[in-house]
A.B. asks: 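Quick one: the structure is below, questions incoming.
Here the structure is a predicted model, which means the values were calculated and not measured. We count residues from 1, following the sequence as given. When reading the values below, keep in mind they use all heavy atoms of this one structure, side chains included, and skip hydrogens, waters and symmetry mates.
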Amino acid sequence: MSCKRKDFGWATILLGTTIGFLSILLVISCVQQRRKQEKNTELRQQFFTQNGGGMLIHRLSGAGLSNVDFKIFTEEAMKEASNGYDESNILGQGGQGTKSRLVDRSQMAQFINEVLVLSQINHSNAVKLLGCCLETEVPLLVYESVTNGTLSDQLHGSMSDSSLTLEQRLRIAVEIAGSLAYLHSSASIPIIHRDVKTTNILLDENLTAKVADFGASRLIPMDKDQLINMVKGTVGYLDPEYYNTGLLNEKSDVYSFGVVLMELLSGQKALCFERSQQSKHLGSYFASAMKENRLHEVIDEKVINENNWREIEEAARVAMECTRVTGEERPLMKEVAAKLEGLRVARIMLKSKLDLG
Ligand SMILES: *[C@@H]1O[C@H](CO)[C@@H](O)[C@H](O)[C@H]1NC(C)=O
Ligand SMILES: *[C@@H]1O[C@H](CO)[C@@H](O)[C@H](O)[C@H]1NC(C)=O
Ligand SMILES: *[C@@H]1O[C@H](CO)[C@@H](O)[C@H](O)[C@H]1NC(C)=O
């Protein structure tokens, strides 16, 4: 009996000690958790301050901004909305996959200025900037979601059965041109896109084009050396004049748009190593075909029919004008938009005439 009681006693002590020990562990882990949370909160606040949160709030409350819906998102809301930063919800990182922190106050002010400029963009063919999150090390911009993939997917993706008609392609070209013309001349300050390409053009459920990632490269703060050295853009679409001089103006976008138009007409990629060495750039491939009177070889056969060749030629000519060697010789985006719209309207009128006859 006494032996049993003793055993029981030991067990009690052991149990007591274990519970005590576990409680201490629990308390420690709670404290640690709390500390971690506090530290996280502190860090988020620190990032928010570093990224110009105070300045943004101040500027947003000031007068003169038309987009009052611009939102500042918390880090928590961002994580939730993007499904834990799921890849499919991330559009890009500052145009070039570059990550960069804002290092000083003047960069911060510049960044906030540019966010405010982008927040004022209001065009039916430009992806709308809804807000931003400044509680992360690298600030995040939040855009409206556009559901049906990129123009590149539509032209080169596996959905070959959903091939676009000439009317759709011309409409999309007009929409892109109109959006770029707006950015160049009607936005609150002129904005040069710098990276016009079919992967930066999104399509909504009605296949309406929305230009994305505009001016994103302007938003990468960097030191002066990089500014001089770094030419932004994508091989295949890059304006050769800008590439050679490093001097940027809106005609660089006109060049890239010309390549996009060639891509729409030909259904071919802007850069393709399966074509011969001289033809790997769509710009030169298309130009030599034009010059040698064999345009039909590069035009997507899926869009050609018995009564639209003249229009295809006209559109091809516009693409050639856009990709002239010097920027000065290229038309303004506004002129390009008007010309393409003229073509499109003529097409619709011709079509209704044909339908009637
Ligand atoms: C955007 O522009 C449209 C007209 O083009 C106008 O009705 C609308 O109020 C504008 N929205 C903002 C937020 O400025
Ligand atoms: C847009 O996407 C939806 C769902 O992904 C698809 O069902 C629809 O066919 C697409 N529309 C076009 C015009 O591609
Ligand atoms: C697509 O078109 C339909 C019919 O015109 C319209 O109701 C709908 O809002 C459009 N969708 C988008 C995303 O604009």
A.B. asks: Supply the atom-to-atom distance Glu144 CD to Lys128 NZ, rounded to the nearest 0.5 angstrom.
C.D. replies: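 Reported to 0.5 Å precision, the distance equals 8.0 Å.
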A.B. asks: For Arg330 and Glu321, what are the C-alpha separation, side-chain angles and deciding distance, and is it a side chain to side chain contact (heavy atoms under 4.5 Å, CB included)?
C.D. replies: CA-CA 6 Å; Arg330 297 174 205 148; Glu321 286 170 13; over 6 Å; no
A.B. asks: Of all the heavy-atom pairs spanning Phe48 and Gly54, show the shortest one and how long it is.
C.D. replies: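 Result for this residue pair: CE2-N, 4.1 Å.
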A.B. asks: Write down the atom of Ala209, the atom of Ile172, and the distance for their closest heavy-atom approach.
C.D. replies: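 In this case the closest contact between Ala209 and Ile172 is CB-CG2, 4.0 Å.
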A.B. asks: How close do Leu295 and Ala316 get, heavy atom to heavy atom, and via which atoms?
C.D. replies: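 Minimum heavy-atom contact is CD2-CB, 3.8 Å.
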A.B. asks: From Glu114 CD over to Leu141 CG, what is the distance, rounded to the nearest 0.5 angstrom?
C.D. replies: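 Glu114 atom CD to Leu141 atom CG measures 10.5 Å (nearest 0.5 Å).
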A.B. asks: Tell me every residue that passes side-chain contact (heavy atoms from CB on, under 4.5 Å) with Leu332, counting only those two or more places apart in sequence or in another chain.
C.D. replies: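 Checked Leu332 against side-chain contact (heavy atoms from CB on, under 4.5 Å); matches are Glu250, Lys251, Glu335.
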A.B. asks: Among Thr199, Asp195, Asn200, Thr198, find the one that has a side-chain hydrogen bond (donor to acceptor under 3.5 Å, both in side chains) with Thr234.
C.D. replies: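 The single option meeting the side-chain hydrogen bond (donor to acceptor under 3.5 Å, both in side chains) with Thr234 is Asp195.
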A.B. asks: Kindly list each side-chain donor-acceptor pair under 3.5 angstrom involving residues 264-273, sequence neighbours excluded, with atom names and distances?
C.D. replies:
| from | atom 1 | to | atom 2 | distance (Å) |
| --- | --- | --- | --- | --- |
| Ser266 | OG | Met262 | O | 2.8 |
| Ser266 | OG | Gln268 | N | 3.0 |
| Gln268 | OE1 | Arg275 | NH1 | 3.0 |

A.B. asks: Heavy-atom count check: over 12 atoms from other residues, nucleotides or ligands less than 6.0 Å from Glu292 CD?
C.D. replies: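 Yes, because the 6.0 Å sphere around CD of Glu292 holds more than 12 heavy atoms from other groups.
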A.B. asks: Show the nearest heavy-atom pair for residues Ala212 and Val127, with the distance to one decimal.
C.D. replies: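 Looks like CB-CG2, 3.8 Å.
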A.B. asks: Could you tell me whether Arg294 and Glu297 have a side-chain N and a carboxylate O separated by less than 4.0 Å?
C.D. replies: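 Counted as a salt bridge, because a side-chain N and a carboxylate O are separated by less than 4.0 Å.
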A.B. asks: Do His184 and Ile191 come close enough that some side-chain heavy atom pair is under 4.5 Å?
C.D. replies: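 When only atoms from C-beta onward are counted, Ile191 and His184 do not touch, as no gap falls below 4.5 Å.
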A.B. asks: Does Thr326 form a side chain to side chain donor-acceptor pair (under 3.5 Å) with Glu329? I'd like the steps, not just the answer.
C.D. replies: CA-CA 6 Å; Thr326 62; Glu329 292 178 286; 2.9 Å; yes
A.B. asks: Would you call Lys39 and Glu42 a salt bridge, using N to O less than 4.0 angstrom?
C.D. replies: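 Between Glu42 and Lys39 there is no salt bridge, as every charged N stays at least 4.0 Å from the carboxylate O atoms.
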A.B. asks: Could you check whether any side-chain N or O of Asn305 sits under 3.5 Å from a backbone N or O of Asn308, counting only pairs where one atom can act as donor and the other as acceptor?
C.D. replies: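 Confirmed, Asn305 side chain pairs with Asn308 backbone.
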A.B. asks: For Thr74 and Glu135: C-alpha separation, side-chain torsions, deciding distance, then whether side chain to side chain contact (heavy atoms under 4.5 Å, CB included) applies.
C.D. replies: CA-CA 6 Å; Thr74 63; Glu135 291 181 358; 3.8 Å; yes
A.B. asks: Run the side chain to side chain contact (heavy atoms under 4.5 Å, CB included) check on Ile176 and Leu151 step by step: do they pass?
C.D. replies: CA-CA 11 Å; Ile176 302 165; Leu151 179 56; 4.1 Å; yes
A.B. asks: With a 4.5 Å cut-off on side-chain heavy-atom distances among I, L, V, M, F, W and Y, is there a chain of contacts connecting Val235 to Phe257?
C.D. replies: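 Val235 and Phe257: separate clusters.
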A.B. asks: Below 4.0 angstrom, N of the basic side chain to O of the carboxylate: do Arg171 and Glu175 qualify?
C.D. replies: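 Between Glu175 and Arg171 there is a salt bridge, with a charged N closer than 4.0 Å to a carboxylate O.
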A.B. asks: Connecting only ILVMFWY residues whose side-chain heavy atoms lie within less than 4.5 Å of each other, what is the rest of Ile348's hydrophobic cluster?
C.D. replies: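 Joined to Ile348, directly or through intermediates: none.
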A.B. asks: Determine, step by step, whether Arg344 and Glu341 satisfy the salt bridge (Lys or Arg N to Asp or Glu O under 4.0 Å) criterion, reporting the C-alpha distance in whole Å, the side-chain angles of both residues, the deciding distance to 0.1 Å, and the verdict.
C.D. replies: CA-CA 5 Å; Arg344 197 170 79 88; Glu341 175 64 12; 3.3 Å; yes
A.B. asks: Would you check if the side chain of Asp153 reaches a backbone N or O of Gly157 as a donor-acceptor pair within less than 3.5 Å?
C.D. replies: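 Answer holds: no.
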A.B. asks: Should Ile304 and Leu170 be regarded as members of a common hydrophobic cluster, given that ILVMFWY residues are connected when their side-chain heavy atoms come within less than 4.5 Å of each other, either directly or indirectly?
C.D. replies: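 Yes.
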A.B. asks: Under a 4.5 Å cut-off applied to non-hydrogen side-chain atoms, are Val336 and Cys322 in contact?
C.D. replies: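 Yes; the side chains approach each other to less than 4.5 Å.
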A.B. asks: Establish, from distance only, whether the side-chain atoms of Glu301 and His296 form a donor-acceptor pair under 3.5 Å.
C.D. replies: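 No, no side-chain donor-acceptor contact under 3.5 Å.
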A.B. asks: So do Ile312 and Val303 actually touch side chain to side chain, heavy atoms under 4.5 Å?
C.D. replies: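 In contact.
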A.B. asks: About how many Å separate OG of Ser119 and CG of Leu60, when rounded to the nearest 0.5 Å?
C.D. replies: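 Answer rounded to 0.5 Å: 7.0 Å.
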A.B. asks: Would you indicate whether the side-chain heavy atoms of Ser163 and Lys302 approach each other to under 4.5 Å?
C.D. replies: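 Lys302 vs Ser163: side chains touch.
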A.B. asks: Could you verify whether a donor N or O on one side chain and an acceptor N or O on the other, from Thr49 and Gln46, lie under 3.5 Å apart?
C.D. replies: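 Per modelled atom types, Thr49 and Gln46 side chains form no pair under 3.5 Å.
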A.B. asks: Mind checking whether Lys280 and Tyr285 have side chains closer than 4.5 Å, heavy atoms only?
C.D. replies: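 Of all side-chain heavy-atom pairs linking Tyr285 with Lys280, none is under 4.5 Å.
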A.B. asks: Is the shortest side-chain N to carboxylate O distance from Glu314 to Arg317 below 4.0 Å?
C.D. replies: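 The answer is yes: the pair qualifies as a salt bridge.
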A.B. asks: Tell me if a side-chain donor or acceptor on Asp253 pairs with a main-chain N or O of Arg194 at a distance below 3.5 Å.
C.D. replies: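 Yes, the answer is positive, given that a donor and an acceptor are paired below the 3.5 Å cut-off.
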A.B. asks: Give, for atom CZ of Arg169 and atom CG of Leu155, the distance between the pair rounded to the nearest 0.5 Å.
C.D. replies: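 Those atoms lie 6.0 Å apart.
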A.B. asks: Assess whether atom CD of Glu328 is packed by more than 12 heavy atoms of other residues, nucleotides or ligands within 6.0 Å.
C.D. replies: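 Open.
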A.B. asks: Please check this pair: side chain of Ser61 against backbone of His58, looking for a donor-acceptor N/O pair closer than 3.5 Å.
C.D. replies: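 Indeed, once roles are kept as given, a pair shorter than 3.5 Å links the two residues.
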A.B. asks: According to a hydrophobic-cluster definition based on side-chain heavy atoms being under 4.5 Å apart (Ile, Leu, Val, Met, Phe, Trp, Tyr only), do Ile57 and Ile112 belong together?
C.D. replies: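 Yes, it is one cluster - the side chains of Ile57 and Ile112 are joined through contacts under 4.5 Å.
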A.B. asks: Which pair of non-hydrogen atoms, one from Pro139 and one from Phe111, has the smallest distance, and what is that distance?
C.D. replies: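 The answer is CB-CZ, 3.4 Å.
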A.B. asks: Please report the shortest heavy-atom distance between Tyr182 and Asn122, naming the atom on each side.
C.D. replies: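 For Tyr182 and Asn122, the tightest heavy-atom pair comes out as OH-N, 2.9 Å.
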A.B. asks: How many angstroms lie between atom OG of Ser252 and atom OH of Tyr242, to the nearest 0.5 angstrom?
C.D. replies: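 Interatomic distance, Ser252 OG to Tyr242 OH, rounded to 0.5 Å: 7.0 Å.
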A.B. asks: Taking the side chain as everything from C-beta on, heavy atoms only, tell me whether His193 gets closer than 4.5 Å to Leu180.
C.D. replies: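 SC-SC contact between His193 and Leu180 confirmed.
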A.B. asks: Find out whether His123 and Val211 are in side-chain contact, i.e. whether some heavy atom of one side chain is under 4.5 Å from a heavy atom of the other.
C.D. replies: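 With C-beta onward as the side chain, the pair stays apart.
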A.B. asks: So, does Thr323 use its side chain to make a donor-acceptor pair with the main chain of Tyr255 at under 3.5 Å?
C.D. replies: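 Pair absent, no side-chain N/O of Thr323 close to backbone of Tyr255.
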A.B. asks: CG of Leu164 to CG of Leu207: how many Å apart, nearest 0.5 Å?
C.D. replies: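 Output value for this atom pair is 6.5 Å.
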A.B. asks: Do the side chain of Ser284 and the main chain of Ser279 share a donor and acceptor less than 3.5 angstrom apart?
C.D. replies: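 Here the side-chain-to-backbone pair does not exist.
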A.B. asks: Any side-chain heavy atom of Lys210 within less than 4.5 Å of one from Ile201?
C.D. replies: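 Not touching, per the 4.5 Å side-chain cut-off.
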A.B. asks: Just do the side chain to side chain contact (heavy atoms under 4.5 Å, CB included) check on Leu340 and Val318 with the steps written out, would you?
C.D. replies: CA-CA 8 Å; Leu340 290 173; Val318 174; 4.2 Å; yes
A.B. asks: Give a yes or no on whether Trp309 and Phe286 share a hydrophobic cluster (residues Ile, Leu, Val, Met, Phe, Trp, Tyr; joining criterion: side-chain heavy atoms under 4.5 Å apart).
C.D. replies: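 Yes: a chain of side-chain contacts under 4.5 Å links Trp309 to Phe286.
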